Protein chains: 2
Amino acid sequence: MKFSQATDNALHVMLYLVMEAPDKPVSVQILAEKLGVSQTYLSKMLTKLVKAGLIHSVSGANGGYRLKRNYEEISFLDVIHAIEGTTSLFECSFNHGRECLIQQVVMDAERQMEQALKAKTIYELAKQMKGV
Amino acid sequence: MKFSQATDNALHVMLYLVMEAPDKPVSVQILAEKLGVSQTYLSKMLTKLVKAGLIHSVSGANGGYRLKRNYEEISFLDVIHAIEGTTSLFECSFNHGRECLIQQVVMDAERQMEQALKAKTIYELAKQMKGV
DNA sequence: GCGTGATTACTCGGATACAAGATGTCCGAGTTTGAGCGG
DNA sequence: CCGCTCAAACTCGGACATCTTGTATCCGAGTAATCACGC
């Protein structure tokens, strides 16, 4: 159980967009270059971010990916859910009559983590970095 | 990113041992039967639990697996770490000069979850279930 | 009756196979911009 | 100077290849308890 590389990339892309180009579309080419990963793979993640409604895709010449209007509100959890999916991290595979108490304990802990990720926005982090 | 089936099994095995046989060794055969999984696969997880120091293995006839003395103190986190490993869930793969703030945010959230898992013991849950 | 050896019931660990998911690449189709060309 | 066409620069999405990891099985080696046998 680990966060995937894709999540790592997605978070860095979002941070880059927020810091460097909150209003202009940026091509995959440039984003991939900045991160040092392949264009085609990065585009997979960007597609997921688009489907999750975090960014827009602008097709055609001078196109690329652009943040949506409400980019200040995008949290870490939003990005992570877009890439990793929103299903619970733990699912009991046994069907012992009552609800599984083990599952409840683990899911409670999971919610703790999600709450922390939800509280922190990309925008907040960007401001913090510019301040440095 | 999900908790593995193995973790699910391990937690249930531990709960079973604490509830039903805190002092006697139980063979893999019986444990596997109770959970409805294969013996050979379950033994892999038990081996990990042994290496993590959570249980003992008793070889020979009438052998099996037995809890260690301090079984009241075993937390969910102990079991999960034994199976999943203790490495951090998130590692930034870019080496931008300074430390990665993204990583710090995610790791902070991770620690929140771990703290919740550390606070809950298997023994506590067993008492709770017997009370029902 | 007592010791010795064989049998039995276990764990332990390595080798292996298989499936799923993450990672990574390639290419054809659609879309918009902008430049070039002809009237 | 205006409008039309065409090429270029993009994204989009599917098909595919590869690698790692989780899941699962099998089997031989080692170990402890128990039973049988012989003295």
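Letters go in sequence order (proteins before strands), and every chain restarts at 1. Both backbone and side-chain heavy atoms feed into the values below; hydrogens, waters and symmetry mates do not. Worth saying up front: this structure is predicted, and the values here are computed from it rather than measured.
- DNA chain C is contacted by both Ser43(B) and Ser4(A); Ser43(B) maps to the nucleotide lying nearer its 5′ end (nearest heavy atom per residue).
- Set against dT23(D), dG13(D), dT32(C), the side chain of Ala61(A) has dT32(C) as its closest nucleotide.
- Whole-Å rounding puts the Glu84(A) CD to dA20(C) P distance at 20 Å.
- In terms of phosphate contacts, Ser59(B) brings no side-chain nitrogen or oxygen within less than 4.0 Å of OP1 or OP2 of dG30(D).
- Ion pairing of Glu91(B) with Lys2(A) is present here, as a side-chain N (NZ or NE/NH1/NH2) and a carboxylate O approach within less than 4.0 Å.
- Using a 4.0 Å heavy-atom criterion, one finds that Val58(B) contacts the sugar-phosphate atoms exclusively.
- Using a 4.0 Å heavy-atom criterion, one finds that Val50(A) contacts no nucleic acid atom at all.
- Applying the ring pair (Phe, Tyr, Trp, His ring centres under 6.0 Å) rule to His12(B) yields the partners Phe94(A), His96(A); only residues at least two apart in sequence or on another chain are considered.
- Between the C1' atom of dG13(C) and the NZ atom of Lys51(B) lies a distance of 8 Å, rounded to the nearest Å.
- Distances shown here put a side-chain N or O of Gln29(B) below 4.0 Å from the OP1 or OP2 atom of dC10(C).
- A salt bridge (Lys or Arg N to Asp or Glu O under 4.0 Å) check over residues 112-132 of chain A, counting only residues at least two apart or in different chains, returns the pairs Lys120(A)-Glu124(A).
- Between Met1(B) atom CE and dA20(C) atom C1' the separation is 18 Å, expressed in whole Å.
- Contacts of Thr40(A) with the nucleic acid, taken as non-hydrogen atoms under 4.0 Å apart, include base atoms.
- Between dG34(C) and Asn62(A), a contact under 4.0 Å exists linking OP1 or OP2 to a side-chain N or O.
- With rounding to whole Å, Tyr65(B) atom OH is found 10 Å from dC10(C) atom C1'.
- Distance from the side chain of Thr47(B) is smallest for dG13(C) among the nucleotides dT23(D), dG13(D), dG13(C).
- One interatomic measurement links the two molecules: CD1 of Ile30(A) to P of dA9(D), which rounds to 13 Å at whole-angstrom precision.
- Of the side-chain N and O atoms in Ser27(B), none sit less than 4.0 angstrom from OP1 or OP2 of dC10(C).
- The NZ atom of Lys44(A) sits 12 Å away from the C1' atom of dA17(D) (whole-angstrom rounding).
- Regarding Gln5(A), its CD atom lies at a distance of 6 Å from the P atom of dT23(C), rounded to whole Å.
- Exactly one residue among Leu31(B), Asn9(B), Leu54(B) makes a side-chain contact (heavy atoms from CB on, under 4.5 Å) with Leu46(B). That residue is Leu31(B).
- Computed from coordinates, the Tyr41(A) OH to dA17(D) P distance equals 18 Å when rounded to whole Å.
- Thr121(A) and Glu72(A) form no side-chain donor-acceptor contact under 3.5 Å, judged by distance and modelled atom types alone.
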